Amino acid sequence: MNLVYDGTAPVITSVDVPADGVYTSGKVLAFTVQYSENVNVSGTPSMDIIIGAATKQAAYTGGNGTNALTFSYTVQNGDMDMDGIALGAAVNGAIRDATGNNAIPAINNAGSTTGVLVNTQHPSVVLSSGAASRINAPVTVTIVFSEAVTGFTATGINASNATVSNLQTADNITYTATVTPVADGGTSVSVPAGAATNIGGNDNTASNTLSFTFDGTAPVINQQTFDIKGDRPAGTTVGKLSATDAGGTLQTWAITIYGSGGAVAIDGSGNITVKDAAILKSKAGTTVSVTVTVSDGLNTSAPAQVTINILSLFVNKAPTLDEIADENNCAGTDVHTIQLTGMSASDPGQTYALTVAADQAYFDELTVSTTGVLSYKLKPDVTSGTANVTVTIKDNGGTENGGADARQRAFSVTVNSVPAVSISSDKGNTVSKGDVIRLTATGGGTYNWAPADGIISGQQSAVLQVRTMANTTYEVTVMN
């Protein structure tokens, strides 16, 4: 019997490595391990490969019974090695020759892997701009990728209500582009996923979104005319201007041409006020104009002319009050009243007050109410005479520029003494029953006898004729 002794263990003579290139997620790194003789595989051998700082296992894929075993590793997300992968020191697992000699696991003569690169990273991208949120002109947008990319063009930028142009870069990492809004309203800019790729061919992720409001339309000042009295003091409001604007807030009103000669001023809110009262007064009775503009913070309106009518100087008219009739009264302490009429201030919005005075100290009471009721009461010791009473009505319009704010009405109160009355009888005070008697009254002009028993005639005259049948008292009222 012939026996062949084999005590030599199989050794790895070389390792074929993947072709140079960049491998991304899902790509396969394939290795062929060459042995010095045919080998048999038991179980699931593997081979260590180093990707970045991590050790991965390339799994056995075939070659049992031959001198060439194949291994492979599928690149996973997160694997990164851009300076070349490396092989481990040995092949792991049960590998023997036909006589059962265990193969020596040490790797020898492996091909160079410095050109075998792994890149599974997707570039991120961030957009920024120095422009404010409201714009009225094209803006420059800066686009920064996390690494160098290729294939990025202006068409790879999504823009709403805008066009994109002038895309530039010096390093394929930082780009700038000009974004030009098309119409007033919202404008947004973003970079979608897949607009560019990195060196490994991986698409970028989606960027943030920049949003602007485009306002390219200037405010339009409304046509307005104001009236102001020519004697108003400095600070008096002439009027408030208004304008229409699609967006933003009206601000920075300004007078560009002082057609008023400097009589008025304007504040930032559009309030026109009297600036110089003397100039205003000098232009009373004329119409002036000022030219104004307003901004919405971005755009300035076209100049607009505002007309101001400076009214003639105000001359107050005296209030009104009707004439008051003269009064004739007998001496006495009764209260007398007169209702005044025709009371009015001449100009709308004015108020008035009433006062009363007399040229004689005849009165215990002399007043006039706000409703025009004049009351007076004579003193007990006033038995005759005439007092002149003056009622004054005064409004609050003033007397500037020759105006009048008061009017007076005068009337007289004549006090007549009470008549001295006497009655005489042609037959004395004691008479026989049934006698006809003549009673004669003196001291006045008219006489009125009170009803009594026995009157025959003469009740409305100075002489009363009576026939007495009993004791009777006769009374007469005399008026002078």
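The structure presented is a predicted model; accordingly, all values stated were derived computationally and were not measured.
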Engineer: Are the side chain of N109 and the backbone N or O of T13 linked by a donor-acceptor pair below 3.5 Å?
Structural biologist: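 Side chain of N109 to backbone of T13: a pair is present.
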
Engineer: Any idea which heavy atoms bring G342 and D322 closest together, and the distance?
Structural biologist: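 Heavy atoms of G342 and D322 come nearest at N-OD2, 3.4 Å.
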
Engineer: Atom CG of L313 and atom NZ of K281: how far apart are they, to the nearest 0.5 Å?
Structural biologist: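 With rounding to 0.5 Å, CG (L313) is 6.0 Å from NZ (K281).
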
Engineer: Donor-acceptor pair, distance only, cut-off 3.5 Å: does the side chain of Q339 make one with the backbone of T371?
Structural biologist: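 Pair found, side chain donor or acceptor close to backbone of T371.
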
Engineer: Of D227, I308, L280, T273, which meets side chain to side chain contact (heavy atoms under 4.5 Å, CB included) against V238?
Structural biologist: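 Testing each of D227, I308, L280, T273 against V238, the sole residue satisfying side chain to side chain contact (heavy atoms under 4.5 Å, CB included) is I308.
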
Engineer: Considering non-hydrogen atoms only, spot the tightest contact between A19 and V116 and give its length.
Structural biologist: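 That closest heavy-atom pairing would be O-CG2, 4.0 Å.
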
Engineer: Look up atom CG in N208 and atom OG in S124, then write down how far apart they are to the nearest 0.5 Å.
Structural biologist: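 Answer for the CG-OG pair, N208 versus S124, is 10.0 Å.
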
Engineer: Looking at CD of Q305 and OG1 of T307, how far apart are the two atoms once the value is rounded to the nearest 0.5 Å?
Structural biologist: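 Result: 5.5 Å between the selected atoms.
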
Engineer: Consider side chain to side chain contact (heavy atoms under 4.5 Å, CB included). Of I173, L167, N172, which one does T169 pass it with?
Structural biologist: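 For T169, the side chain to side chain contact (heavy atoms under 4.5 Å, CB included) check succeeds only for N172.
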
Engineer: Please check if the side chain of N299 supplies one atom and the backbone of S301 the other of a donor-acceptor pair under 3.5 Å.
Structural biologist: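 Not a single qualifying donor-acceptor pair exists.
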
Engineer: For Y258 and V288: C-alpha separation, side-chain torsions, deciding distance, then whether side chain to side chain contact (heavy atoms under 4.5 Å, CB included) applies.
Structural biologist: CA-CA 9 Å; Y258 282 89; V288 301; over 6 Å; no

Engineer: Cut-off 3.5 Å, side chains only: do Q251 and S295 have a donor facing an acceptor?
Structural biologist: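 Their side chains do not contain a donor-acceptor pair, so the 3.5 Å distance test is not met.
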
Engineer: Near K394 NZ, under 6.0 Å, is it more than 12 heavy atoms from other residues, nucleotides or ligands?
Structural biologist: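 Open.
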
Engineer: Does T390 reach the main-chain N or O of A357 with its side chain, forming a donor-acceptor pair under 3.5 Å?
Structural biologist: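 Flag not set: sc T390 to bb A357 has no pair under 3.5 Å.
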
Engineer: Has the side chain of N309 got a donor or acceptor atom that lies under 3.5 Å from a matching backbone atom of L311?
Structural biologist: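 No.
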
Engineer: Picking from I157, N158, V141, T153, what satisfies side chain to side chain contact (heavy atoms under 4.5 Å, CB included) with V164?
Structural biologist: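 The passing option is I157.
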
Engineer: Tell me the closest heavy-atom pair linking A277 and A234, and the distance in Å.
Structural biologist: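 Closest approach of A277 to A234: CB-N, 4.0 Å.
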
Engineer: Apply the test side chain to side chain contact (heavy atoms under 4.5 Å, CB included) to residues L241 and V306: give CA-CA distance (whole Å), side-chain angles for both, the deciding distance (0.1 Å), then the verdict.
Structural biologist: CA-CA 9 Å; L241 293 172; V306 178; 3.6 Å; yes

Engineer: Is there side-chain contact between D215 and T217, with at least one heavy-atom pair below 4.5 Å?
Structural biologist: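 In contact.
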
Engineer: Do T61 and T70 pair up side chain to side chain, a donor and an acceptor below 3.5 Å, judged on atom types alone?
Structural biologist: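 There is such a pair (donor and acceptor under 3.5 Å, judged by atom type) between the side chains of T61 and T70.
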
Engineer: Counting only heavy atoms not in L366, do more than 12 fall under 6.0 Å of its CG?
Structural biologist: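 Atom CG in L366 is crowded, with more than 12 foreign heavy atoms closer than 6.0 Å.
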
Engineer: Contact between N119 and L117 at the side-chain level, heavy atoms closer than 4.5 Å - yes or no?
Structural biologist: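 They are not in contact (no side-chain heavy atoms under 4.5 Å apart), so the answer is no.
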
Engineer: For T114 and S112, work out which heavy atoms get closest and say how close.
Structural biologist: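 Taking T114 first and S112 second, the nearest heavy atoms are OG1-OG, 3.2 Å.
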
Engineer: What residues, two or more places apart in sequence or in another chain, satisfy ring pair (Phe, Tyr, Trp, His ring centres under 6.0 Å) together with F214?
Structural biologist: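 Ring pair (Phe, Tyr, Trp, His ring centres under 6.0 Å) check on F214 returns nothing, list empty.
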
Engineer: Passes side chain to side chain contact (heavy atoms under 4.5 Å, CB included), L321 versus Y352? Steps please.
Structural biologist: CA-CA 11 Å; L321 177 64; Y352 63 84; over 6 Å; no

Engineer: Which pairs with one or both residues in residues 354-363 pass side chain to side chain donor-acceptor pair (under 3.5 Å), sequence neighbours excluded?
Structural biologist: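 Non-adjacent pairs meeting side chain to side chain donor-acceptor pair (under 3.5 Å): D359-N388.
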
Engineer: Determine yes or no for a side-chain-to-main-chain donor-acceptor pair under 3.5 angstrom, with R232 supplying the side chain and V274 the backbone.
Structural biologist: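 It does not hold such a pair.
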
Engineer: Are N271 and S269 close enough that a side-chain donor and a side-chain acceptor fall under 3.5 Å?
Structural biologist: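 Note: N271 and S269 side chains miss the donor-acceptor criterion.
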
Engineer: With heavy-atom distances below 4.5 Å as the criterion, would you say the side chains of F212 and V179 are in contact?
Structural biologist: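 F212 does not reach V179 side chain to side chain.
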
Engineer: For Y23, which residues count as a ring pair (Phe, Tyr, Trp, His ring centres under 6.0 Å) partner, sequence neighbours excluded?
Structural biologist: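 Counting only residues at least two positions away or on another chain, Y23 forms no ring pair (Phe, Tyr, Trp, His ring centres under 6.0 Å).
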
Engineer: Quick check: do D296 and R134 have side-chain heavy atoms less than 4.5 Å from each other?
Structural biologist: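 When only atoms from C-beta onward are counted, R134 and D296 do touch, with a gap below 4.5 Å.
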
Engineer: Just wondering, do D79 and Y73 contact through their side chains at under 4.5 Å, heavy atoms?
Structural biologist: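 A side-chain contact under 4.5 Å exists here.
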
Engineer: Taking side chain to side chain contact (heavy atoms under 4.5 Å, CB included) as the test, write out the residues that go with I257, two or more places apart.
Structural biologist: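 With neighbours one apart ignored, the set is T291.
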
Engineer: Backbone N or O of T178 within a donor-acceptor pair of the T140 side chain at under 3.5 Å?
Structural biologist: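 Flag not set: sc T140 to bb T178 has no pair under 3.5 Å.
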
Engineer: Side chains of D16 and Q34: does their closest heavy-atom pair fall under 4.5 Å?
Structural biologist: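 Yes, side chains in contact.
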
Engineer: List for me each residue that meets ring pair (Phe, Tyr, Trp, His ring centres under 6.0 Å) alongside Y175, sequence neighbours excluded, and say none if there are none.
Structural biologist: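 Only F145, F152 meet the ring pair (Phe, Tyr, Trp, His ring centres under 6.0 Å) criterion with Y175.
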
Engineer: Answer yes or no: is there a side-chain heavy-atom contact under 4.5 Å between E400 and N316?
Structural biologist: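 When only atoms from C-beta onward are counted, N316 and E400 do not touch, as no gap falls below 4.5 Å.
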
Engineer: For the backbone of A195 and the side chain of N204, can you confirm whether one donor and one acceptor N or O come within less than 3.5 Å of each other?
Structural biologist: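 Yes, N204 side chain to A195 backbone: donor-acceptor pair under 3.5 Å.
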
Engineer: Could you grab the distance from atom OG of S344 to atom CZ of R407, nearest 0.5 Å is fine?
Structural biologist: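 Atom-to-atom, S344:OG and R407:CZ are 10.5 Å apart.
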
Engineer: Could you tell me if T55 and D48 have a donor-acceptor pair between their side chains, going purely by distance under 3.5 Å?
Structural biologist: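 Absent: no donor and acceptor within the cut-off.
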
Engineer: How would you list all residue pairs meeting salt bridge (charged side-chain N to carboxylate O under 4.0 Å, His left out) that involve residues 83-97, not counting sequence neighbours?
Structural biologist: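 Applying salt bridge (charged side-chain N to carboxylate O under 4.0 Å, His left out) to every pair that reaches into residues 83-97, excluding sequence neighbours, yields nothing.
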
Engineer: Does some side-chain heavy atom of N64 sit less than 4.5 Å from a side-chain heavy atom of N40?
Structural biologist: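 Heavy-atom side-chain distance check passes, below 4.5 Å.
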
Engineer: How long is the span from the OG atom in S129 to the CD1 atom in I143, to the nearest 0.5 Å?
Structural biologist: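 Between S129 OG and I143 CD1, I get 10.5 Å after rounding to 0.5 Å.
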
Engineer: For a quick test of reading the model, state the closest non-hydrogen atom pair linking E323 to R409 and the distance between them.
Structural biologist: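 For E323 and R409, the tightest heavy-atom pair comes out as OE2-NH1, 2.8 Å.
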
Engineer: Test V264 against I266 for side chain to side chain contact (heavy atoms under 4.5 Å, CB included), laying out the working first.
Structural biologist: CA-CA 7 Å; V264 298; I266 192 171; over 6 Å; no

Engineer: Just verifying a value: how many Å separate T24 OG1 and N77 CG, rounded to the nearest 0.5 Å?
Structural biologist: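 It is 9.5 Å, given to the nearest 0.5 Å.
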
Engineer: Just say parallel, tilted or perpendicular for the rings of Y60 and F71, cut-offs at 30° and 60°.
Structural biologist: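 Y60 and F71: perpendicular rings.
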
Engineer: With distance as the sole test, does N401 use its side chain to make a donor-acceptor pair with the main-chain N or O of V315 at under 3.5 Å?
Structural biologist: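 Judged by distance alone, no pair lies under 3.5 Å.
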
Engineer: For I221 and A302, work out which heavy atoms get closest and say how close.
Structural biologist: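 Shortest heavy-atom contact: CD1-O, 4.2 Å.
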
Engineer: With distance as the sole test, does S46 use its side chain to make a donor-acceptor pair with the main-chain N or O of N92 at under 3.5 Å?
Structural biologist: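 Here the side-chain-to-backbone pair does not exist.
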
